[in-house]
Amino acid sequence: MSQPSDKKANQYGVTPQSTDFNDWYNEIVLKADLADYSPVRGAMVVKPYGWALWENIQKILDGQFKATNHEALAFPMFIPMSFLQKEAQHVEGFAPELAVVTHAGGELLEEPLVVRPTSETIIGHCWAKWLKSYRDLPFLHYQWGSVVRWELRPRLFLRTTEFYWHEGHTAHSSHTEAVEETLRLLEIYRSFARDYAAMPVIAGRKTDSERFAGAVDTYSIEAMMGDGKALQAGTSHYLGQNFAKAFEVKFQDENQKEAFAHTTSWAISTRIIGGIIMTHGDDKGLVMPPRLAPIQVVIVPIYRKENQDQMLEAARVLGTELKALGVRVKIDERDGLTNGAKYNYWELRGVPYRIELGPRDLEAGNVVLASRLGGEKEILARGEAIAGLPGKLEAFQNALLEKAETFRNSRIKTADTWDEFVDLIEQGFFVRAFHCGEVESEKKIKELTKATTRNIPMDSEGDLGAAEEGVCVHTGKPAAYGKRIIFARAY
RNA sequence: CGGGGUGUAGCGCAGCCUGGUAGCGCACUUGACUGGGGGUCAAGUGGUCGUGAGUUCAAAUCUCGCCACCCCGACCA
């Protein structure tokens with residue numbers, strides 16, 4: 001662990017966000033014990049604390065999938081190379097980043113196997129076998145697993161060679177139903193990000209150039225990181241009949257006619273952990289949203305040698321009472337560290353609340369409560385503190401969301417002229433602007449400003465999605481989409 | 001692949017110019033003292049100096065090749 005003597009590090013041993021946001025991010029991930037580098041470039045090791053966070057994310061999302069009648073299953077990680085080639089856009093999109101197995105069992109394989117970059121193709125293949133009648137539909141499937149994309153510039157959590165996710169795949173008899181499904185998942189993602197990760201996101205449809213390889217429409221939730229850059233935190237795709245036609249996913253409909261299924265796919269990956277870090281983290285380290293935090297409250301017993309056993313025991317009893325209320329508690333029983341070192345240790349790891357329990361408190365029947373969001377430490381009567389903690393955790397959750405929302409709202413601006421647009425992007429804002437919808441123009445904008453279209457906000461996004469007419473901020477042509485869209489530099 | 005940079009203990013670095021057989025801080029181990037915001041003292045563990053070759057009595061240090069990693073750009077959940 002680096003010390004305050006490090007060149008760029010602050011008193012907490014971390015490069016401040018304002019000095020270098022990227023360095024800050026990398027250091028936090030490593031020092032907070034979320035992940036580590038592996039011997040393979042770009043492939044990360046997720047450490048227990050990071051995985052515990054991911055497990056909490058999985059639990060919530062998995063519950064929501066099941067509540068909407070989806071079924072979990074598992075497809076293999078190896079896909080015949082020829083499958084990828086069946087959907088033209090798809091192979092074009094993924095070819096550069098495929099990892100391919102050419103040898104197995106000591107022999108050259110007749111057909112190379114792709115390590116799945118995503119599973120639309122192999123699932124399409126299987127569905128074709130399973131689907132006979134409209135009565136079989138819909139297929140509402142999803143799987144938890146990992147996929148491999150040979151990225152050129154990996155970053156812990158944000159862009160790793162192998163990453164963990166769930167991928168949902170559904171097949172429907174009608175266009176309408178498939179589109180409903182696509183939007184249903186977008187809403188599940190939006191509310192998950194907001195209500196659990198405390199990340200305010202903009203739900204919207206992607207423009208042509210940002211669409212998933214092989215999709216008819218791609219929807220995303222876009223979050224704003226602490227440096228103003230955008231992070232695509234989840235996607236939901238309406239695939240139309242593209243994959244159904246490539247894999248002959250067809251059935252006999254009510255009118256005894258042969259029809260192709262309409263399919264969707266959707267995903268949230270471990271990337272969202274990077275999003276949580278960069279949305280809430282500060283110069284002391286992580287700040288975990290309580291609803292996802294592996295540890296919600298840490299108890300630091302304060303003692304001297306002569307009362308060590310007594311204080312540890314008191315801490316354990318307190319911990320047990322909190323656990324009984326459903327609070328995720330950790331007791332820091334490590335000896336030989338000063339209290340200050342422990343405080344910093346848990347603050348770096350973003351634990352929302354810390355209870356200090358010392359001899360004076362024990363005698364007076366009090367505890368000291370400190371919030372990761374700062375402010376004065378509170379001295380509370382023991383019983384009151386215990387009973388009040390679940391409520392405080394909720395309040396903490398809300399405060400985090402509010403903080404993130406205030407920050408985000410202050411960094412979304414509207415531009416009507418090109419000069420304005422460039423200036424705002426340069427300053428790191430999300431920019432609402434009209435666009436003509438031409439892919440060439442999007443490319444040019446990216447070249448000139450490094451900004452891309454994030455999405456076309458849904459009508460439900462309030463002012464951000466309000467209907468409005470205007471002319472393209474880049475070409476001056478009439479605007480497409482009937483509203484302003486979001487531009488930003490992105491991860 | 002293009003541009004830049006770095007490889008010396010787990011991490012961060014010094015030593016290299018001017019060759020003489022490796023050092024500092026943190027971490028780690030042991031003990032004592034300490035203990036309400038990153039403690040003190042003492043004693044320790046840990047390195048074929050990225051790799052191969054060359055020059056030399058002698059190479060972390062000089063020469064040449066190779067490799068790896070990091071940062072910036074194109075790609076992306």
Side-chain angles (χ1 to χ4, degrees), chain A residues 1-15 20 22-23 26-27 30-31 36-42 92-98 117-118 146-155 157-168 189 206 209-213 218 220-223 230-237 265-275 284-285 300-308 311 334-348 354-362 366-368 370 377 379 443 446-447 450 452 490-491:
Chain A
M1 188 169 303
S2 294
Q3 292 305 305
S5 57
D6 281 10
K7 280 180 223 150
K8 293 185 297 183
N10 62 10
Q11 59 185 310
Y12 301 102
V14 176
T15 300
D20 188 323
N22 289 326
D23 282 356
N26 286 328
E27 286 175 27
L30 297 173
K31 291 181 179 178
D36 198 1
Y37 293 103
S38 83
V40 178
R41 176 189 140 80
E92 191 185 320
F94 281 105
E97 52 189 78
L98 294 178
T118 179
S146 67
V147 290
V148 168
R149 298 181 188 176
W150 218 258
E151 300 291 354
L152 298 173
R153 249 159 74 51
R155 291 198 62 192
F157 288 114
L158 298 175
R159 206 182 310 102
T160 47
T161 301
E162 178 182 15
F163 58 90
Y164 302 87
W165 71 351
H166 63 261
E167 48 179 319
Y189 289 167
K206 286 291 196 180
S209 65
E210 296 283 317
R211 200 186 296 132
F212 175 72
T218 287
S220 72
I221 52 171
E222 301 284 335
L231 184 79
Q232 182 174 311
T235 49
S236 184
H237 312 291
S265 70
W266 27 272
I268 279 183
S269 75
T270 34
R271 169 183 264 194
I272 201 165
I273 291 176
K284 291 183 185 180
V300 179
I302 292 157
Y303 54 82
R304 298 186 178 202
K305 183 141 287 167
E306 59 270 22
N307 56 18
Q308 179 170 356
M311 294 315 300
R334 293 175 298 171
D335 195 20
L337 284 177
T338 62
N339 300 308
K342 289 184 178 182
Y343 301 162
N344 286 307
Y345 180 93
W346 294 111
E347 282 167 2
L348 172 60
R354 177 180 71 246
I355 292 178
E356 302 169 18
L357 182 63
R360 294 203 301 262
D361 309 311
L362 189 63
N366 292 332
V367 299
V368 175
K377 292 185 193 180
I379 299 176
K443 269 190 198 158
K446 184 174 183 184
E447 237 177 81
K450 291 183 189 166
T452 50
Y491 278 97

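In what follows, every chain begins at residue 1, and chains take the letters A, B, ... in the order their sequences are listed. Just so it is clear, the structure is predicted and the values come from calculations on it, not from any experiment.
- Between B:rG54 and B:rG25, the distance separating the two C1' atoms is 36 Å to the nearest Å.
- Counting atom types as modelled, A:Glu347 pairs a side-chain N or O with a base atom of B:rG37 as donor and acceptor under 3.5 Å.
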Table of protein N/O atoms under 3.5 Å from nucleotides 39-42 of chain B N/O atoms:
unit_1, atom_1, unit_2, atom_2, d
B:rG39, OP2, A:Thr338, OG1, 2.8

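- B:rC13 and B:rC49 have their C1' atoms separated by 13 Å, with the value rounded to a whole Å.
- The separation of B:rU45 from B:rG52, taken at their C1' atoms, amounts to 32 Å, rounded to a whole angstrom.
- A straight line from CZ of A:Arg334 to C1' of B:rA27 spans 13 Å, rounded to a whole angstrom.
- On the P atoms, B:rG23 is 13 Å away from B:rA60, given to the nearest whole Å.
- Taking a pair to require two hydrogen-bonding distances under 3.5 Å in either a Watson-Crick or a G-U wobble arrangement, B:rG36 remains unpaired.
- For a distance-only test at 3.5 Å, the side chain of A:Arg354 qualifies as a donor-acceptor partner of the base of B:rG37.
- Taking only distance into account, the side chain of A:Asp335 meets the base of B:rG35 through a donor-acceptor pair shorter than 3.5 Å.
- Across the strands present, B:rU63 finds its partner in B:rA53; the criterion is a Watson-Crick or G-U wobble pair with both atom distances under 3.5 angstrom.
- Taking the C1' atoms as reference points, B:rA74 lies 42 Å from B:rC24, given to the whole Å.
- Base pairing annotation: B:rG31 forms a Watson-Crick or G-U wobble pair with B:rC41, both donor-acceptor distances under 3.5 Å.
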- Message: I'd like to compare against my own output: the B/S/- annotation of nucleotides 70-77 of chain B with a strict under-4.0 Å heavy-atom distance to protein.
- Response: S-SBBBBB
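- Comparing B:rU61 with B:rA14, their C1' atoms are spaced 13 Å from each other, to the whole Å.
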